[in-house]
Amino acid sequence: MLANLLHAQQREGKAIYERIIQVEIHINDNDGVSQMMPKTRSDKFELTFGNNQSVWKHVDEQDDNDELSGNGVQIKMVGPGQNDIVFYDFATARKVEQRELFDKKFIVADRIRKMKWKLTGETKTILGHTCQQATAQNNAKRMQMTMDNGKMERKEILDSSLIVAWFTTDIPVPAGPEVQGQLPGLILALEMNDGKTVYKIVDLSPKADVASIKEPSKGKKVTPEEFSEERNKMMDEMQKNNQAGGSNRIIIRN
C-alpha cells in the first residue's frame with residue numbers, strides 16, 4: 001500500500017525510451033542497394049516531466065547502424081524526430097516543436113490534438129507499475145518513398161493505423177512517446193503504424209530537472225502548414241541536386 005501511495009504521488013520524473021522502427025523503403029535496383037537496407041533501426045529518447053509540462057528529445061549517442069556503404073552507394077538513416085525537441089503544456093493543451101531540416105531550425109507551435117481512445121480492459125506490469133491498455137485510430141498523412149533505377153520519388157499518402165498504448169495511473173501525468181496530453185497517466189509502452197514503430201520504457205527516475213522543461217526557441221517560427229511546405233521544398237531541392245550531380249548518396253528521413 002505504501003509503494004502504491006508513493007507511485008500515485010509521482011508527478012515529475014525522467015524516463016528513457018527505446019524506439020524500434022521497421023524500415024520501409026522500396027528500391028528497384030540492379031546494384032544490390034536493396035540488400036544493404038537494414039530491416040530495423042533503433043534509437044533512444046528522453047522524456048522530462050513536471051509542473052504539468054514535459055520535454056521530449058533524442059538521446060545523443062553513437063549509432064552503429066546510422067550509415068551504410070557498399071557498391072558505390074552510401075545510405076544514411078535519419079529517424080523521424082531524431083533532431084527534434086518537443087515541449088508540451090498540458091494545462092493549455094499546447095505543444096511547441098523545434099524541428100531541424102538540413103541544418104535549418106524551425107519552431108512550430110500547435111495545439112495538442114485529442115484522439116478518441118478506447119480502454120480494452122487488458123493490463124500488464126511494466127517496471128513495477130500496473131498498466132492499462134488503450135487503443136486509438138490514427139488518421140494522418142505520411143510520406144512514402146520509392147526508388148527505381150536511381151530515381152527517388154516521394155508521394156504523400158493518407159495512412160490509417162492503430163495505436164496501442166500502455167499507461168499507468170500510478171504516475172498521473174499525461175506524458176509519454178508521441179501522443180502526449182491524451183491519457184490520464186504516463187505511457188510506458190506504445191505501438192504505432194500497426195506495430196511498425198514500437199516504444200518501450202527502459203529507465204524511469206522520480207527525479208527531474210524541472211527547470212530544464214522550457215519551450216525551445218532556436219529557429220524560424222512557422223505554422224505546421226508552413227513547415228510542411230518548407231520540408232517539401234527542401235526535399236525536392238535535395239533530389240534535384242543529387243540527380244544533377246550523379247550522387248549515389250541516399251538520405252532517408254521521415
Side-chain angles (χ1 to χ4, degrees), residues 6-7 9-22 40-66 76-101 103 105-110 112 125-129 131 163-193 196-219 253-254:
L6 290 173
H7 286 325
Q9 293 174 337
Q10 184 179 344
R11 294 182 179 272
E12 65 178 50
K14 184 173 76 171
I16 303 296
Y17 294 84
E18 181 183 25
R19 178 180 66 177
I20 301 174
I21 301 176
Q22 293 183 26
T40 63
R41 79 179 309 276
S42 64
D43 48 9
K44 290 183 179 178
F45 290 82
E46 176 185 282
L47 170 71
T48 305
F49 57 93
N51 291 340
N52 213 20
Q53 298 174 331
S54 74
V55 167
W56 173 267
K57 62 182 181 180
H58 187 255
V59 175
D60 187 17
E61 48 181 36
Q62 186 68 32
D63 194 349
D64 293 336
N65 60 4
D66 186 49
K76 182 175 178 62
M77 306 293 295
V78 182
Q82 188 166 306
N83 298 317
D84 301 345
I85 299 173
V86 190
F87 166 85
Y88 291 85
D89 189 325
F90 304 124
T92 60
R94 180 171 172 267
K95 71 174 181 177
V96 180
E97 300 177 80
Q98 179 178 294
R99 306 287 298 272
E100 183 176 312
L101 288 176
D103 299 325
K105 288 185 171 62
F106 299 86
I107 297 295
V108 188
D110 199 1
I112 297 176
T125 301
I126 302 176
L127 293 184
H129 295 276
C131 296
I163 298 178
V164 180
W166 293 92
F167 71 96
T168 178
T169 54
D170 290 349
I171 306 173
V173 178
E178 299 280 357
V179 287
Q180 300 200 47
Q182 302 282 331
L183 295 166
L186 184 68
I187 297 172
L188 302 190
L190 184 77
E191 293 183 11
M192 300 183 66
N193 303 326
K196 296 182 179 67
T197 300
V198 176
Y199 290 89
K200 60 180 180 180
I201 194 166
V202 294
D203 187 64
L204 177 61
S205 170
K207 297 180 180 180
D209 181 6
V210 179
S212 69
I213 305 176
K214 299 177 181 178
E215 287 190 25
S217 57
K218 296 180 180 180
R253 299 176 184 264
N254 185 28

Q: Supply the atom-to-atom distance Arg19 CZ to Arg41 CZ, rounded to the nearest 0.5 angstrom.
A: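 So the gap between those two atoms works out to 7.0 Å.
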
Q: Over 60° means perpendicular and under 30° means parallel, so classify the ring planes of Phe45 and Trp56, tilted if in between.
A: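 Rings of Trp56 and Phe45: parallel, as their planes differ by under 30°.
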
Q: Taking all non-hydrogen atoms of both residues into account, name the closest pair between Glu178 and Tyr199 and its distance.
A: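 Shortest heavy-atom contact: OE2-OH, 2.5 Å.
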
Q: With rounding to the nearest 0.5 Å, note down the distance linking CG in Asp209 to OG1 in Thr48.
A: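 Answer for the CG-OG1 pair, Asp209 versus Thr48, is 7.5 Å.
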
Q: Between Lys44 and Glu18, does any side-chain N to carboxylate O distance fall below 4.0 Å?
A: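 Answer for the salt bridge query: no.
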
Q: Specify the closest pair of heavy atoms between Gly50 and Glu12, including all atoms of both residues, with the distance to one decimal.
A: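 Closest approach of Gly50 to Glu12, heavy atoms only: CA-CB, 3.8 Å.
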
Q: For the CD1 atom of Ile20 and the NZ atom of Lys196, what is their distance to the nearest 0.5 Å?
A: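 The CD1 atom of Ile20 sits 15.5 Å away from the NZ atom of Lys196.
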
Q: If I take atom CG from residue Leu204 and atom NZ from residue Lys14, how far apart are they, to the nearest 0.5 angstrom?
A: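 Reported value, rounded in 0.5 Å steps: 11.0 Å.
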
Q: If I compare all heavy atoms of Phe49 with all of Arg11, which pair ends up nearest, and what's the gap?
A: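 Nearest heavy atoms, Phe49 then Arg11: CD1-O, 3.9 Å.
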
Q: How far apart are the closest heavy atoms of Asp43 and His58, and which atoms are they?
A: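 Nearest pair, atom of Asp43 first, then His58: CB-NE2, 3.5 Å.
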
Q: Among all residues two or more places apart in sequence or in another chain, which pass the ring pair (Phe, Tyr, Trp, His ring centres under 6.0 Å) test with Phe90?
A: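 Scan of Phe90 (ring pair (Phe, Tyr, Trp, His ring centres under 6.0 Å), adjacent residues dropped) gives none.
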
Q: Taking atom CZ of Arg94 and atom CD1 of Ile112, what is their separation to the nearest 0.5 Å?
A: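 CD1 of Ile112 is found 10.0 Å from CZ of Arg94.
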
Q: Return the minimal non-hydrogen interatomic distance between Glu215 and Val96, and the atom names on each side.
A: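 Heavy-atom minimum between the residues: OE1-CG2, 3.7 Å.
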
Q: Enumerate donor-acceptor pairs with a distance under 3.5 Å from any side-chain N or O in residues 179-191 to protein atoms, sequence neighbours excluded.
A:
| unit_1 | atom_1 | unit_2 | atom_2 | d |
| --- | --- | --- | --- | --- |
| Gln180 | OE1 | Ser54 | OG | 2.7 |
| Gln180 | NE2 | Gly176 | O | 3.1 |
| Gln182 | OE1 | Met115 | N | 2.9 |
| Gln182 | OE1 | Trp117 | NE1 | 3.1 |
| Gln182 | NE2 | Arg113 | O | 2.6 |

Q: Which value, rounded to the nearest 0.5 Å, describes the distance between Leu127 atom CG and Ile201 atom CD1?
A: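 Between Leu127 CG and Ile201 CD1, I get 5.5 Å after rounding to 0.5 Å.
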
Q: Can you tell me which residue among Ile107, Val86, Val108 is in a side-chain contact (heavy atoms from CB on, under 4.5 Å) with Arg99?
A: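 Exactly one pass, corresponding to Val108.
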
Q: Do Gln53 and Phe87 have side chains that approach each other closer than 4.5 Å (heavy atoms only, starting at C-beta)?
A: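 Yes; the side chains approach each other to less than 4.5 Å.
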
Q: Within the 4.5 Å heavy-atom criterion, are Trp166 and Lys200 side-chain neighbours or not?
A: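 Answer no - side chains too far apart.
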
Q: Specify the closest pair of heavy atoms between Gln10 and Pro206, including all atoms of both residues, with the distance to one decimal.
A: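 What the structure gives for the nearest pair is NE2-CA, 3.5 Å.
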
Q: Flag yes if more than 12 heavy atoms outside Asn51 fall under 6.0 Å of its CG atom; otherwise flag no.
A: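 Count not over threshold, so no.
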
